[in-house]
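Every chain is numbered from 1 and lettered A, B, ... according to where its sequence line falls, protein lines coming before strand lines.
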There are 2 protein chains.
Amino acid sequence: MELSTSDLPANFCQACAVRNRAICGDLDSNELDLLNSIGRRRRLEQGEQLLWEGDEAVLVANVIDGVLKLSTQLADGKEQILGLVYPSDFLGRPFGDTTPYGVEALTDANVCVFRRADFDRFARDHPRLEHKLLERTLSELDRTRRWMLLLSRMNAEQKMATFLLEMSERLAPDGCLNAVNAASVFALPLSRQQIGDVLGLTIETVSRQFTKLKSEGLIGLPSRREVTILERSALENRAV
Amino acid sequence: MELSTSDLPANFCQACAVRNRAICGDLDSNELDLLNSIGRRRRLEQGEQLLWEGDEAVLVANVIDGVLKLSTQLADGKEQILGLVYPSDFLGRPFGDTTPYGVEALTDANVCVFRRADFDRFARDHPRLEHKLLERTLSELDRTRRWMLLLSRMNAEQKMATFLLEMSERLAPDGCLNAVNAASVFALPLSRQQIGDVLGLTIETVSRQFTKLKSEGLIGLPSRREVTILERSALENRAV
DNA sequence: CGTACATTTGAAAATGGTCAATCACAGTGG
DNA sequence: CCACTGTGATTGACCATTTTCAAATGTACG
């Protein structure tokens, strides 16, 4: 059965860069064809918004490459970033009415989007996918709870050190999540303001911490949007 | 087929107080009998520990009544409470190796526990249950992300007001989650220290905020472990 | 009735936020 | 090619809030 949409090759999913790490990893090739038929690739420019907070939840997606942010507006107009989404991560709110956060691309990105109704139906019909989604959601919950620690108990220096270390791991070229091959030089996908929004700090505090870590020789800042980790273990000590 | 364990009546699940709200709500009576056969009730005393952080994840459970806390130890010995668990909530980490947090009863509690391996197998065989669990996990993730806002962006007064309002809703007698029938008088299941651990504040700050809200007439404190909400809308304003 | 523990209160110190000024740099147009 | 401009980033001075440290006060329970 040939189910691919007109603008996609039939083996689109098979060739997908995040195939093995994303939630579709456990599907067989029939299921993959079917999933292929309800999804499509979408390219996002840096700064482009994919979902708006409070809107009807119309889309879900897999991230293929790029970094996106999940964020919400506070009463006083400040923004809080609820999380960052990296390649192979799942994004959106299946089985719900509204999107509880806005989604915006921090870098140019490619995502594999599904109309939510299609995705929900597919998931209900394919327990293996739903199981993968459950495992991923459970992991995401664990990760989010750990992030709570950072927000509530760490001081500015600890937050920044933790943030930089996590970035260097998540941005490692092969997506492998460990410190061994973490990037020592990487391009920051966030502005100072956005880093503040992630860490619950003001832009001034973020800037002061950058300056401090740089002057102490733990990091280098070749340019505003580039970071070099010079003393990883010292940085790990700061992250406590 | 009679599958109930020796120490449980056959219709144990059917009579469960949280039957409709918990993840088992969608099961038919055959499935329920089977679930019944792998689970058992367990009564916990206040302060009793059900799971230890970092241990092999051996148990999962549904909360029938009582309040439990999920918490983790920080490097400096402080505790951070990652979340509170109320009746009908699911608890534990299915499909994972280790329990990412400790679980302790804040009040006397009754839970319905399953050996994790049994539960995992049952879930994989019963997509309806797994679907319920997925929906619940997604909701819990949303809730946790909103809590991040509280931790990172609210001041002590806002945190306390938010905390008290949430408590009064979650402790409403019928488990109905809305402000209309929220409890105006309730017993606090947490010490000042534990409240601090939930909100990311010191015990002194918690105490000062209690004193302040009381002296301003928004709440009453008949005893250390009881709270009366006197001016709900004013309290809501403080929560921003 | 006394002891242990939780809570409250007070004063000092530290941390991060706010406000304001300056700096750096990319893009634009003369 | 270079000054100009706008945006984002940095820096400084001051201030508000919360933490820390210390002491006093309750309260429960043997």
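A salt bridge links B/Glu140 with A/Arg145: the closest approach of a Lys/Arg side-chain nitrogen to an acidic carboxylate oxygen falls below 4.0 angstrom. Salt-bridge check for B/Glu166 with B/Arg146: failed, with every basic side-chain N at 4.0 Å or more from each acidic carboxylate O. Comment: B/Arg43 does not engage B/Asp65 in a salt bridge, judged by the lack of any side-chain N to carboxylate O separation of less than 4.0 angstrom.
For A/Arg225 and D/dT7, the CZ to C1' distance is 12 Å, given to the nearest whole Å. Per the geometry, CD belonging to A/Gln193 stands 14 Å off C1' belonging to D/dT10, to the nearest Å.
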If a protein heavy atom is under 4.0 Å from the base, mark B; if only from the sugar-phosphate, S; if neither, -; do that for nucleotides 17-30 of chain D going 5' to 3'.
-SBBB----BS---
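Checked by atom type and distance alone, the side chain of B/Thr211 pairs as donor or acceptor with a backbone atom of B/Ser207 at under 3.5 Å.
The footprint of chain A on DNA chain C, defined by a heavy-atom cutoff below 4.0 Å, extends from C/dG16 to C/dA24.
Sorted by first and then second residue, the pairs that involve residues 195-211 of chain A and meet salt bridge (Lys or Arg N to Asp or Glu O under 4.0 Å), not counting sequence neighbours, are A/Asp197-B/Arg153.
A side chain to side chain contact (heavy atoms under 4.5 Å, CB included) with B/Met167 is found for exactly one of B/Leu190, B/Val198, B/Ile195, namely B/Leu190.
Heavy-atom contacts from other residues, nucleotides or ligands closer than 6.0 Å to NZ of A/Lys212 number more than 12.
Between the side chains of A/Glu79 and A/Ser71, at least one donor N or O lies within less than 3.5 Å of an accepting N or O.
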